[in-house]
Novice: 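Take a look at this one; I'll ask things after.
None of the values given here were measured: they were computed from a predicted structure. Chain A is the first sequence line, chain B the second, and so forth, proteins listed ahead of strands; every chain is numbered from 1. Below, all heavy atoms of this structure are taken into account, side chains as well, without hydrogens, waters or symmetry copies.
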Protein chains: 2
Amino acid sequence: MEIFNKRIDSIGSLSPESRNVLLNAWESWSVPKDHFLVRENAIAHHLFYIKKGIARIYYFKNGKEITEWLALDNEFFFSIISFFEQKPSNLIIQTIEASEVMGIHHDTLMALCDQYHDIERWFRKAITGSLILSQYRMDSIQFETAQQRYEKLLTNYPSIVQRVPLSYIASFLGITQETLSRIRSQH
Amino acid sequence: MEIFNKRIDSIGSLSPESRNVLLNAWESWSVPKDHFLVRENAIAHHLFYIKKGIARIYYFKNGKEITEWLALDNEFFFSIISFFEQKPSNLIIQTIEASEVMGIHHDTLMALCDQYHDIERWFRKAITGSLILSQYRMDSIQFETAQQRYEKLLTNYPSIVQRVPLSYIASFLGITQETLSRIRSQH
DNA sequence: AGAACAATTTGATTATTGTCAAAAAAGATC
DNA sequence: GATCTTTTTTGACAATAATCAAATTGTTCT
């Protein structure tokens with residue numbers, strides 16, 4: 001619970017009342033491995049935070065699963081387009097380990113944004129953070145080789161290799177699993 | 001001016017007062033071709049809107065210019081990381097045609113966000129739009145061939161080919177100019 | 001128009017990654 | 001522990017795009 005509060009605070013400051021209201025708006029779940037947090041063609045009702053475990057965000061393209069994101073411990077994650085536009089999307093979110101997940105409902109968050117100006121600002125800053133991350137990732141995909149991207153991933157998330165199947169990591173990096181296997185075999 | 005107001009309104013609704021205040025906070029400039037809107041290692045003070053003309057957002061990587069974005073008529077654009085974090089960045093913004101540009105200063109916008117809750121909400125929605133666009137672009141880069149990306153660009157911005165040098169388009173698409181020239185030669 | 005410069009195209013070659021197929025290794029089940 | 005299943009690795013080959021170099025075309029300026 002401590003780390004979660006710190007993560008919330010690190011995004012932006014809130015008045016004691018707003019902070020309290022926001023913190024209490026989150027639900028908590030303990031879910032098993034392979035549990036669906038968002039199903040295919042469903043509307044994403046929640047913005048999630050993963051306290052412990054791993055969630056995989058993926059979709060099907062030409063019959064193949066494409067992993068778009070892997071959320072490890074203490075990260076926020078959500079199905080961006082479905083959540084904001086409240087329409088069904090082909091993005092699926094599923095745990096790949098038994099996980100402890102927190103979530104805030106879209107309508108709850110929007111109501112809080114309406115009611116408290118500083119929560120609106122906090123959320124604006126949270127989205128800004130996502131946008132910046134998205135920019136960095138785009139540059140990485142466009143201008144780095146598969147090998148460089150893999151090495152960067154190893155540096156940033158050393159535990160990912162032990163915990164996530166190779167095929168998921170490969171499609172997250174935008175390469176085939178054969179290519180990743182070959183990168184890996186040369187140390 | 002009409003189109004600009006409509007673009008503002010399309011992002012999110014505002015009270016008459018807030019709308020008025022926001023609209024009046026923008027400055028207008030007529031700038032020649034090759035004019036710098038943000039120089040290298042400078043802080044991006046403005047969020048821009050291009051009324052007429054084209055702006056190119058680019059940076060240097062290993063001595064080569066990489067075009068990250070091309071903003072055509074009636075688009076918002078800015079140096080995301082520098083603007084939000086108010087720190088120098090290697091992103092350069094430069095017009096490539098004589099252009100009419102509008103801009104709002106970071107401090108002005110932040111002050112308005114502080115003062116008016118609905119402007120804060122408007123801005124939150126604007127950023128959300130950027131984030132969604134960024135997601136789409138990432139998928140495009142990761143999972144489409146250079147040819148597909150070029151054809152999509154032609155469909156969405158048919159005038160871009162007449163107005164933007166090939167080398168800029170190529171690096172925007174994440175390919176070399178030779179590759180683009182070859183794609184182009186086969187219709 | 002002609003010179004000087006910039007932008008684009010073409011050619012030959014190399015590097016990277018994808019595709020398809022099969023083998024090997026690791027994990028799960030009874 | 002032997003069998004079945006899934007995951008990962010390896011191999012051969014094809015496709016895509018990058019690199020380097022040169023030729024061609026287009027633009028600008030006097």
Novice: Side chain of P165(B) only, please: which of dA17(D), dT17(C), dT8(C) is the nearest?
Specialist: dT8(C)

Novice: Just so I know, are the side chains of F4(B) and M102(B) near enough to count as touching, which here means a heavy-atom distance under 4.5 Å?
Specialist: yes

Novice: Could you give the CD-to-P distance, from Q142(A) to dA18(D), as a whole number of Å?
Specialist: 10 Å

Novice: Tell me the interatomic distance from Q147(A), atom CD, to dT17(C), atom C1', rounded to whole angstroms.
Specialist: 12 Å

Novice: Nearest of dT10(C), dT17(C), dA18(D) to any side-chain atom of A146(A)?
Specialist: dT17(C)

Novice: When the distance from CG of D34(A) to C1' of dT6(D) is rounded to whole Å, what number comes out?
Specialist: 13 Å

Novice: From the set dT9(D), dT19(C), dC20(D), return the single nucleotide nearest to any side-chain atom of E178(B).
Specialist: dC20(D)

Novice: How about Y116(A) and E17(A): does a side-chain donor come under 3.5 Å of a side-chain acceptor?
Specialist: yes

Novice: CD1 of I183(B) versus C1' of dA17(D): gap in Å, rounded?
Specialist: 9 Å

Novice: Expressed in angstrom and rounded to an integer, what is the separation of E144(B) atom CD from dT16(D) atom P?
Specialist: 15 Å

Novice: Closest to the S167(A) side chain: dT10(C), dT9(D), dT8(D)?
Specialist: dT8(D)

Novice: Atom CD of Q177(A) and atom P of dA25(C): how far apart are they, to the nearest Å?
Specialist: 17 Å

Novice: Could you tell me whether the side chain of S89(A) reaches within less than 4.5 Å of the side chain of N41(A), counting heavy atoms only?
Specialist: no

Novice: So which of F123(B), W69(B), F84(B) actually passes ring pair (Phe, Tyr, Trp, His ring centres under 6.0 Å) with F78(B)?
Specialist: F84(B)

Novice: Determine whether more than 12 heavy atoms belonging to other residues, nucleotides or ligands lie under 6.0 Å from atom NZ of K61(B).
Specialist: yes

Novice: Just compare dT9(C), dT8(D), dG18(C) and give me whichever is closest to any side-chain atom of L166(B).
Specialist: dT9(C)

Novice: Ignoring the backbone of T179(B), work out which of dT10(D), dG18(C), dA17(D) is nearest its side chain.
Specialist: dA17(D)

Novice: Whole-Å distance between dG18(C) C1' and R182(A) CZ?
Specialist: 9 Å

Novice: Taking only N and O in the side chain of T176(B), is any of them less than 4.0 Å away from OP1 or OP2 of dA18(D)?
Specialist: yes

Novice: Please state how far atom NZ in K64(A) lies from atom C1' in dC20(C), giving the value in whole angstrom units.
Specialist: 10 Å

